[in-house]
Amino acid sequence: MRRSNPAFFTPQAGLLRGVYHRAALRADPLARNDEAAFAASNESLRMTDEPDAKLVELGRKLFAGEWTFIWASPSIETLPPMAGVEVAFAGRSNVGKSSLINALTGRNALARTSHTPGRTQELIFFEGPDNAGFRLVDMPGYGYASAPKAKVASWTMLIHKFLQGRASLARVYVLIDGRHGLKEVDLDVLNTLDKSAVSYQVVLTKADQVKAAELEQRVADVKTALAKHPAAFPEILVTSSRTGAGMPELRAAMVRLLGERS
Ligand code: GDP
């Protein structure tokens, strides 16, 4: 399994270097829902090149289809059989992971938002349209301030085992709260990912809540930290589930990934 994709970083690719693209975003129904917030966050997110318009359109189409819940696994023993291409989302509790999955798929309640801390820690699998073999995996949130050590240990174990032994897992997106940046517990997860054979990328969330200059600094800080993690994509995605910012780019990135894996 590949750790990174050199083609991704060619000038032609230009995909995830573009964290924000107004034209693509305008075509995004979620973005159209919140034009005011869009305008507010627009400048703050225009930090890099434009994404590939063709991939953005393919991504829009892929995620416009019906996404459905297919499986929930509280343990490594109960995972669904490996199949197709899986993309997992990890992040601290309350980072906005459920909101991001819902925004990506255009479903208001596919992933459950605002989970109660301490709820059952499960890997949740969603399948894309037409049984085409593309799945999203909602990993259990980590880092509850009040979580008992045993719970943290059990999450770490589940995640570690999942990351180590899942050939169908093509990428992990590690969500980081754009308001707070990387925390110690996030770095632990990056270390775990470094030891796995799966490529991973950081996605900043809730960008609509952060002022432009602060966001720029946050991106720079995260990139500096990622330099110590060679298995990570050096570029990061900046998103807001509320405005739809970054969604076209994230969808496009997954289309690219599917292309590479098929
Ligand atoms: P999870 O625990 O990681 O699944 O996080 P949720 O998706 O449940 O989100 C946690 C809280 O953050 C909720 O109150 C969401 O409404 C809020 N939230 C999530 N994404 C965004 C975003 O992009 N912008 C803003 N302003 N709030 C968000």
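Order of listing sets the numbers, starting from 1, for every ligand and every atom in it.
Under 4.0 angstrom from ligand 1, the non-hydrogen atoms of K206 come from both its backbone and its side chain.
Ligand 1 lies within reach of S240, whose nearest heavy atom is under 4.0 Å from it.
No side-chain donor-acceptor contact under 3.5 Å links K183 to the backbone of D177. Counting only distance, with no hydrogens or angles, the side chain of R218 and the backbone of R179 share a donor-acceptor pair below 3.5 Å. Without hydrogens or angle criteria, Q201 side chain to E235 main chain gives a donor-acceptor distance under 3.5 Å. Looking only at distances, no side-chain donor or acceptor of S168 sits under 3.5 Å from a matching main-chain atom of M82.
Taking only nitrogen or oxygen atoms, main chain and side chain alike, L100 does not reach within less than 3.5 Å of ligand 1. Checking only distances, G96 does come within under 3.5 Å of ligand 1, N or O to N or O. The shortest N/O to N/O separation between S93 and ligand 1 does not fall below 3.5 Å.
Looking only at side-chain heavy atoms (C-beta outward), L158 and P74 stay at 4.5 Å or farther from each other. Counting only heavy atoms from C-beta outward, the side chains of M247 and L104 approach each other to under 4.5 Å.
Close contacts between ligand 1 and D208 involve ligand atoms 22 (C), 23 (O), 24 (N), 25 (C), 26 (N) [criterion: under 4.0 Å to a heavy atom]. Near Q209, the atoms of ligand 1 lying under 4.0 angstrom from a non-hydrogen atom of the residue are 26 (N). Heavy-atom contacts of S99 reach the following atoms of ligand 1: 6 (P), 7 (O), 9 (O), 15 (C), 19 (C), 20 (N) (cutoff under 4.0 Å).
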